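Here is the structure we will look at, set down as structure tokens.
Predicted model, so just to flag it, every value in this text is computed and none were measured.
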Amino acid sequence: MRRPLQIAIVLCLLLSFQAEASYRVYQLKIEQYDGYGKLDRVYLVMSTLDPFQYEHYYAGYRWMRVSMKDTWYCPGDTGQFRKYCLRPKVVDRGMASLEHAKRVPLPYNRQPIIP
């Protein structure tokens, strides 16, 4: 009775060491407004928050407009105080044809995130 439980625990521990982390970086365009609704300043920010999360996290409703300029996928450590990975060079894929040598893999910003 206890043997299958012990085997399951050992398997879970062994498999958990092979887990890898990843995160997505967003380049956001922020338009800030003053108290009169007049455009005050415009700047770009890199964040792991999407535009909706960023606006609500920084209490910017009616004070800022957030739009996404670009996004890409970063494999690796998701710890705090880490620099965001650089945007990968975008290589356009070749046309689907019989010439397989022209095909290139998808860049990171077009890769699906598998939970």
Side-chain angles (χ1 to χ4, degrees):
M1 185 78 176
R2 293 179 64 180
R3 191 76 163 167
L5 179 63
Q6 291 172 347
I7 292 172
I9 291 173
V10 169
L11 284 175
C12 287
L13 288 174
L14 289 175
L15 294 177
S16 67
F17 290 115
Q18 297 177 3
E20 294 183 17
S22 62
Y23 60 99
R24 185 165 287 279
V25 175
Y26 297 93
Q27 184 179 25
L28 305 173
K29 178 182 172 185
I30 313 294
E31 298 174 356
Q32 260 186 337
Y33 295 91
D34 61 7
Y36 299 106
K38 189 174 179 182
L39 185 62
D40 189 25
R41 64 185 195 145
V42 177
Y43 56 97
L44 292 175
V45 171
M46 285 179 49
S47 174
T48 55
L49 300 174
D50 66 36
F52 300 111
Q53 292 173 338
Y54 188 90
E55 183 176 355
H56 291 288
Y57 184 78
Y58 290 103
Y61 180 68
R62 295 190 184 187
W63 293 99
M64 69 172 60
R65 179 178 294 158
V66 182
S67 58
M68 184 174 60
K69 297 294 285 181
D70 198 7
T71 183
W72 58 91
Y73 167 78
C74 294
D77 190 9
T78 60
Q80 292 182 347
F81 308 115
R82 299 273 180 182
K83 291 184 178 179
Y84 301 125
C85 70
L86 298 175
R87 183 180 182 278
K89 295 178 181 177
V90 176
V91 180
D92 289 331
R93 295 185 74 177
M95 294 177 59
S97 66
L98 297 176
E99 300 177 34
H100 297 292
K102 291 184 179 179
R103 305 263 336 228
V104 295
L106 283 172
Y108 282 125
N109 63 339
R110 296 185 186 165
Q111 297 267 343
I113 294 182
I114 301 170

| task | Report yes if some heavy atom in the side chain of L86 is under 4.5 Å from a heavy atom in the side chain of W72; otherwise report no. | result | no
Minimal heavy-atom distance between L49 and L28, with the atoms involved, is O-CD1, 3.7 Å
Check whether any side-chain N or O of S22 sits under 3.5 Å from a backbone N or O of C74 as a donor-acceptor pair, and report yes or no. no
Minimal heavy-atom distance between S47 and Y54, with the atoms involved, is OG-CD1, 4.0 Å
Heavy-atom closest pair (Y23 atom, V25 atom, distance to 0.1 Å) is CE1-CG2, 3.5 Å
*Any chance CZ of F52 has more than 12 other-residue heavy atoms, nucleotides or ligands included, within less than 6.0 Å?*
no
_Is there a continuous path of hydrophobic side-chain contacts, each under 4.5 Å between heavy atoms, that joins Y57 to M46?_
no
Hits for ring pair (Phe, Tyr, Trp, His ring centres under 6.0 Å) against Y26, two or more places apart or cross-chain, chain-then-number order -> none
**Asked** Do W63 and Y43 share a hydrophobic cluster, counting only Ile, Leu, Val, Met, Phe, Trp and Tyr and linking them when any side-chain heavy atoms are less than 4.5 Å apart?
**Response** no
Contacts satisfying salt bridge (Lys or Arg N to Asp or Glu O under 4.0 Å) that involve residues 31-46 (not counting sequence neighbours) are K29-E31, E31-R65
### Message
Applying a strict under-4.5 Å side-chain criterion to I, L, V, M, F, W and Y, I'd like to know whether Y33 and V42 cluster together.
### Response
yes
Here the pair of heavy atoms bringing T48 nearest to Q53 is O-OE1, 4.4 Å
The reported gap from CE in M64 to CG in L39 (rounded to nearest 0.5 angstrom) is 12.0 Å
Check whether any side-chain heavy atom of V10 lies under 4.5 Å from a side-chain heavy atom of Q6, and answer yes or no. no
Closest heavy-atom pair, P51 versus M68, reported as atoms and distance to 0.1 Å, is CG-CB, 3.7 Å
NZ (K69) and CG (L44) are apart, to the nearest 0.5 Å, by 7.0 Å
